[in-house]
Protein chains: 2
Amino acid sequence: MRSSSITNTIFKVLEGQEDHLTAKEIYEKVKVTLSAVDPSTVYRSLERMVHQGQVSVSDMGGPAVVYERVTRDPHHHLVCEKCGKKLTFKDGQISDFLGQVQKETGFQITTNHLVLFGVCPDCQKKN
Amino acid sequence: MRSSSITNTIFKVLEGQEDHLTAKEIYEKVKVTLSAVDPSTVYRSLERMVHQGQVSVSDMGGPAVVYERVTRDPHHHLVCEKCGKKLTFKDGQISDFLGQVQKETGFQITTNHLVLFGVCPDCQKKN
DNA sequence: ATTGTAATTGCAAATCTTTGCATATTATAC
DNA sequence: GTATAATATGCAAAGATTTGCAATTACAAT
Ligand SMILES: [Zn+2]
Ligand SMILES: [Zn+2]
Ligand SMILES: [Zn+2]
Ligand SMILES: [Zn+2]
């Protein structure tokens with residue numbers, strides 16, 4: 001029998017995971033359950049899920065963009081580009097900023113997983 | 001004779017261009033001048049230039065990330081994810097926000113080309 | 001149930017990007 | 001200038017992602 005829906009499997013993979021995953025990593029994990037699945041199907045499903053706002057896609061400085069499930073309670077990150085250390089923000093302050101942009105531009109902001117880059121205090125000292 | 005420096009050619013390509021370019025597009029344009037250049041060399045050079053802060057790399061919703069020259073006067077964008085329309089921000093308001101993040105986290109922010117996504121007023125109406 | 005339509009999937013091929021390694025270039029030290 | 005080390009480049013191969021197309025599945029209408 002053919003898989004009923006790859007989307008569900010992808011959701012499960014993303015839920016059972018704290019970290020952010022690349023498309024390739026998601027494909028590998030989906031394949032454990034659905035051994036016959038084709039990579040293109042997973043890639044296309046991810047694209048669809050991002051487009052529908054169920055999943056976020058972000059460049060976090062790694063070798064490829066990473067995906068994460070979008071929850072009611074959004075979050076954002078600040079990544080050290082020297083050592084990779086990651087801070088996570090609750091939405092509060094960021095959504096204030098995004099709300100302000102929304103008011104000033106008339107755009108309805110859809111960015112749901114903002115990633116900023118910087119150099120952390122430790123790495124600044126090491127300079 | 002071998003090219004003295006691919007970096008210079010890439011800079012010229014990026015300067016003679018209003019828009020943002022993908023790695024592939026940059027490679028194609030570099031090849032016009034340096035016909036024997038290898039794609040891997042261009043890709044690695046771009047990586048280097050990004051790492052050194054001379055070039056920004058961003059996902060702007062297209063099929064691949066895009067590169068742009070970083071100038072004294074940074075800018076940022078708001079992209080409509082329905083129709084692709086792009087707004088460009090001068091740095092003012094955004095840098096206020098980034099400065100606030102910097103103060104609160106101790107990170108020295110290096111994000112120099114922020115891209116936000118949303119739905120533009122026109123596309124909201126078409127709903 | 002049958003039909004028709006739209007969305008999803010697999011497969012193969014094409015394309016894009018990365019990587020390992022040898023060579024060539026550039027910079028630094030003596 | 002010569003030797004030494006560090007960086008940049010080309011080449012070939014591997015790897016990751018996208019695309020075209022035909023077949024399958026899901027869904028709605030009859
Ligand atoms: Zn996250
Ligand atoms: Zn750090
Ligand atoms: Zn720009
Ligand atoms: Zn629009």
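Residue numbers begin at 1 in each chain, while the letters A, B, ... track the order of the sequences.
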Could you run down nucleotides 11-18 of chain C 5' to 3' and tag each one B, S or - for protein heavy-atom contact under 4.0 Å? B----SBB
Nearest heavy-atom approach of A:Ser45 to A:Ile6 is OG-CG2, 4.0 Å
For D:dT9, take OP1 and OP2 only and decide whether either is under 4.0 Å from a side-chain N or O of B:Ser45. yes
So, B:His76 versus B:His113, ring centres under 6.0 angstrom or not? no
Over how many whole Å does the gap from A:Ile26 atom CD1 to D:dA16 atom C1' extend? 14 Å
Please check this pair: side chain of B:Gln124 against backbone of A:Gly106, looking for a donor-acceptor N/O pair closer than 3.5 Å. yes
Test side chain to side chain donor-acceptor pair (under 3.5 Å) applied to B:His20 and B:His77, B:Arg69, B:Glu25, the passing residue: B:His77
Using the C1' atoms of five pairs at each end, what's the angle between the two axes of the helix from C:dA1-D:dT30 to C:dC30-D:dG1, to 10 degrees? 40°
To the nearest angstrom, how far is B:Lys31 atom NZ from D:dT9 atom P? 17 Å
A:Val42 and side-chain contact (heavy atoms from CB on, under 4.5 Å): which partner among A:Thr9, A:Val13, A:Val30? A:Val30
Are any of A:Thr41's side-chain N or O atoms less than 4.0 Å away from OP1 or OP2 of C:dG10? yes
Which residues pass the ring pair (Phe, Tyr, Trp, His ring centres under 6.0 Å) test with A:Tyr43, not counting sequence neighbours? none
D:dA8 C1' sits how many Å from B:Asn8 CG, rounded? 13 Å
Where do A:Ser58 and A:Val115 come nearest, in terms of heavy atoms and distance? CB-CG2, 3.8 Å
Just by modelled atom types, is the A:Val32 backbone N or O under 3.5 Å from a matching donor or acceptor in the A:Ser35 side chain? no
Could you give the OH-to-C1' distance, from A:Tyr67 to D:dA16, as a whole number of Å? 12 Å
Starting from P on D:dA26, measure out to CZ on A:Arg48 and report it in whole angstrom. 13 Å
Please give, in whole Å, the distance from D:dC11 P to B:Tyr27 OH? 10 Å
In whole angstrom, give the distance that lies between atom CD1 of B:Ile10 and atom P of D:dA8. 12 Å
Does any N or O in the side chain of A:Thr71 come within less than 3.5 Å of the main-chain N or O of A:Asp73, such that one atom is a donor and the other an acceptor? yes
